Number of protein chains: 2
Amino acid sequence: MGGVKDFGMDVTSRNDTVMELEGDLEPQIAAPRAIPARPTMKDVAARAGVSLKTVSRVVNHEVGVSPELVTKVELAAAELDYRPDLTASNLRRSDRRTSTIGLMIEDVSNEFSSAVHAGVEDVARLHQVAVLSASVHEDPQRESDLVRALSSRRVDGLVLTPTAGDHAYLERERANGLPMVFVDRLPHGIDADCVLTDNAEGTRLAIEYLIALGHKHIAFIGGLSILDTATQRHESFIATMQRHQLPIDPEWVFRNVKGTDDAEKVASSFLSESKQPTAIFAAQNMITMGVVRALKLAELQHKIALVGFDDFALADLLDPPVAVVAQDPRRMGQLAAELLFERIRDGKISEELHTVPSRLVIRQSGEIRPA
Amino acid sequence: MGGVKDFGMDVTSRNDTVMELEGDLEPQIAAPRAIPARPTMKDVAARAGVSLKTVSRVVNHEVGVSPELVTKVELAAAELDYRPDLTASNLRRSDRRTSTIGLMIEDVSNEFSSAVHAGVEDVARLHQVAVLSASVHEDPQRESDLVRALSSRRVDGLVLTPTAGDHAYLERERANGLPMVFVDRLPHGIDADCVLTDNAEGTRLAIEYLIALGHKHIAFIGGLSILDTATQRHESFIATMQRHQLPIDPEWVFRNVKGTDDAEKVASSFLSESKQPTAIFAAQNMITMGVVRALKLAELQHKIALVGFDDFALADLLDPPVAVVAQDPRRMGQLAAELLFERIRDGKISEELHTVPSRLVIRQSGEIRPA
DNA sequence: ACATGCCTTGACAACGTTGTCAGGTCTTCC
DNA sequence: GGAAGACCTGACAACGTTGTCAAGGCATGT
């Protein structure tokens, strides 16, 4: 809160009597000529010679206004460059909609998140709704601050990727009229609508593909296990290997790997040993990139197979091109937004779980067979 | 505008007398229990046993409220999960700030645009300001629609990448109190604050580097010449070649190339000829990727030098790693936002031109010498 | 004891808009 | 010709909040 109050200089409203109190002071050179008055409905009404309410009707395309008045009002509005004030409108309207939703993602400049963003925007645009977007950066404190900020701006709903923390606090927010849909990760402490990738299935696809090629020694490098997505991929890896009665070598199973550099280090460590896996499964975007680097450094990129989870730009241009389990983040965003608009429309709270399928994209790095 | 009026069912305000008119109809099963009432200041005031204004003072951290009352009010607010309504606050406040700005970029899911977005967010966050973001997709109609939409939501200012069209219409918007800063491209028909990459200088750096390596026959593949950025890069290419008295072979100069596929086609066309350039300058992101593809296809990636304009993820992992002129889109976003907040703060309109330097990132593809 | 001034609190209007309702004009029908 | 209805228009209140101002309590100085 604590608004913006330092700017002061409090310009009195445009056409009221001007305060004449400080006439004794020298002329205020370059006074903060702040905030030119915007034309309001009142101004349009005056210019068109009609009442306020008639302008309102014309602006909102209500039926039952005579054509002449419509023309007059539209002309006056155009001449003044009138823009209806959605904030005032929202205040008065009975549905209290702001035609704005909030989107909280990991990082707006991240390839995955911004694809989700694009998907949400696709749908929001159809509904003529604007999107307030923000990066959470995996920070629970920032997450709850953002929820407050967006709630204060009275967004009609929220699409968000939850952090690892507890989300019981959102229950009250939702009860107070803020519909929300989670995307990419399941929240803890609240039952809510959620759109997820099928992590287990995607992982199974990748691993079984490698197994079919004859691989028996597959390394697993996964992300932060506080995140469900990472855990699901790990569990599916284990389950799939077991189902095929293959040994899981603990020295080739890494969890809690964070970011490209860490992944490169981890991969390099076991690639320099004499005993090596014949294939590597990198359970996340950044990790895949790190492994690519490590393989290249060790000049093993054509000897050891690699499949990553989540596609990325240029994966097909690398040497060798990198096989991946491709998610469909844009679709996830679209689906989440569609769900949200349903919830907003009929005001009911529900707890549907939607899964967006992932598919295996076979590229050379995956086709390498064990020696 | 034509707001959202189809949802109907007009729930009367929460604690007023409930309308008893249609008691004869069957019970409305699962009636759209729309919009639960949110607590307002009035509710908080009642619960804390103080006046409305006192709650306002506490919420806004104004001085001069007795500590006991502050505690009482804060307690009541917390119990009700009260969230101040920024839209109502903005309406009444004399500064009329919404603490929200608009951002219009090419595409939220584009690597360059979303880095600009991240930069804007960095600065907005410091100011506790939310960002309404939208993709323009190089569509002038969409651009002006978005400006209207954001203006109606009374954003405090606008950061935007202009399309190729005319922008005189924004003059009136700005005169009506909407500060704006352009980023990445210079607008036409309006003098305004603008943050640009130094396209000419970046291009010069790249070309002179190639020349220094001994290249004399350099191909140029550039983007849509309706965009100034593309034109500037082209002109700088020509000027630099001429300054070094090198021939410009028209059959190796391509403009108006759009997207990866188009670039690949164009590059492939001249790579299949017997006479070839010894180096290629790709004047844009997508174009560079297309050229990489074409070179790889022709197996010339280690024979012909390549430098691209604008860096991209994994450029360093390609074979060979691709040399580029790197812009700093995040810095551009930050700078634009900083400028915008200055304009918002002191309400003055100005027309500063800011240039963010680009730098040459040398990677193997640039180090290839002519045969 | 009284005037003065500071400090805290609340009543009230207003921001720009829309929902409600009443009033006016014009048809239509007996 | 008059009543009834359809149609169009405007006056007014209200949405949730803050700016303004006045009133009351208390301490201080004479």
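Chain identifiers are assigned alphabetically (A, B, ...) following the order of the sequence lines, protein sequences preceding nucleic acid strands; residue numbering begins at 1 within each chain. Computed from a predicted model, the values in this text were never measured in an experiment.
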(request) Kindly indicate whether the side chain of A:L103, heavy atoms from C-beta on, has any atom under 4.5 Å from the side chain of A:L160. (result) no
(message) To the nearest 0.5 Å, what is the distance between CZ on B:R93 and CG on B:N60?
(response) 5.5 Å
(request) Choose from D:dC15, D:dT9, D:dT17 the nucleotide whose nearest atom is closest to any side-chain atom of A:R96. (result) D:dC15
(request) Would you kindly give the CG-to-P distance between B:L91 and C:dT18, to the nearest whole Å? (result) 12 Å
(message) Counting only side-chain heavy atoms from C-beta out, which of C:dG10, C:dT17, D:dT18 sits nearest to B:S56?
(response) D:dT18
(request) Choose from C:dT18, D:dG10, D:dT18 the nucleotide whose nearest atom is closest to any side-chain atom of A:T54. (result) D:dG10
(request) Using the test side-chain hydrogen bond (donor to acceptor under 3.5 Å, both in side chains), find all partners of B:H188 that sit at least two apart in sequence or belong to another chain. (result) B:D228
(message) Tell me whether A:R96 is salt-bridged to B:D85, with the criterion being a basic N under 4.0 Å from an acidic carboxylate O.
(response) yes
(request) Select from B:R92 and A:R57 the residue whose nearest nucleotide in DNA chain C is closer to the 5' end of that strand. (result) B:R92
(message) Checking contacts here: which listed nucleotide (C:dG19, D:dT17, C:dC15) is nearest the side-chain heavy atoms of A:R93?
(response) C:dG19
(request) Using side-chain hydrogen bond (donor to acceptor under 3.5 Å, both in side chains) as the criterion, list what pairs up with B:S133, not counting sequence neighbours. (result) A:H117, A:S133
(message) How many whole angstroms separate atom CZ of A:R154 from atom C1' of D:dT17?
(response) 11 Å
(message) Rounding to 10°, can you tell me the angle the first-five-pair axis of the helix from C:dA1-D:dT30 to C:dC30-D:dG1 makes with its last-five-pair axis?
(response) 50°
(request) Would you name the heavy atoms of A:V44 and A:V73 that are closest together and state the gap between them? (result) CG1-O, 4.0 Å
(request) Specify the residue among B:V55 and A:L52 whose closest nucleotide of DNA chain D lies further upstream toward the 5′ end. (result) A:L52
(request) Applying side-chain hydrogen bond (donor to acceptor under 3.5 Å, both in side chains), name anything that partners A:R343, two or more places apart in sequence or on another chain. (result) A:D193, A:S350, A:E352
(request) Return yes if the base of D:dG19 and the side-chain atoms of B:K53 contain a donor-acceptor N/O pair under 3.5 Å, otherwise no. (result) yes
(request) Kindly assign one of parallel, tilted or perpendicular to the pair B:F341 and B:H127, based on the angle between their ring planes and the thresholds 30° and 60°. (result) parallel
(message) What's the closest nucleotide to the side chain of A:S51 if the choices are D:dA11, C:dG16, C:dA13?
(response) D:dA11
Quick test: give all pairs of protein nitrogen or oxygen and nucleotides 22-27 of chain D nitrogen or oxygen below 3.5 Å, distance rounded to 0.1 Å.
none

(message) The side chain of A:E62 is closest to which nucleotide in this list: C:dG19, C:dT9, D:dT17?
(response) C:dG19
(message) What I want to check is whether the side chains of A:T98 and A:N90 have a donor and an acceptor closer together than 3.5 Å.
(response) no
(request) Would you check if there is a donor-acceptor pair between the side chains of B:E74 and B:Y82 at a distance under 3.5 Å? (result) no
(request) Please report, rounded to the nearest Å, how far the C1' atom of C:dT17 is from the CG atom of A:N90. (result) 10 Å
(message) Between A:R174 and A:E171, does any NZ, NE, NH1 or NH2 come within less than 4.0 Å of an OD or OE carboxylate oxygen?
(response) yes
(request) Send over the distance from A:Y82 OH to C:dG16 P, rounded to a whole Å. (result) 10 Å
(message) Just the rounded figure in Å: distance from C1' of D:dT18 to CG of B:D85.
(response) 13 Å
(request) Could you check how far CE of B:M41 sits from C1' of D:dG19, rounded to whole Å? (result) 13 Å
(message) If the threshold is 4.0 Å, N to carboxylate O, is there a salt bridge linking B:R142 and A:E121?
(response) yes
(request) Quickly work out the A:R83 CZ to C:dT17 P distance and round it to whole Å. (result) 12 Å
(request) Let me know the distance between CG of B:L80 and C1' of D:dG16, rounded to the nearest Å. (result) 15 Å
(message) Let's see if you get this right: which residues in residues 65-75 of chain A place a heavy atom under 4.0 Å from DNA chain D?
(response) A:V65, A:S66, A:L69
(request) Indicate whether OP1 or OP2 belonging to C:dT18 is found under 4.0 Å from a side-chain N or O atom of A:N60. (result) yes
(request) Kindly check if the number of other-residue, nucleotide or ligand heavy atoms within 6.0 Å of CZ (A:R125) is above 12? (result) no
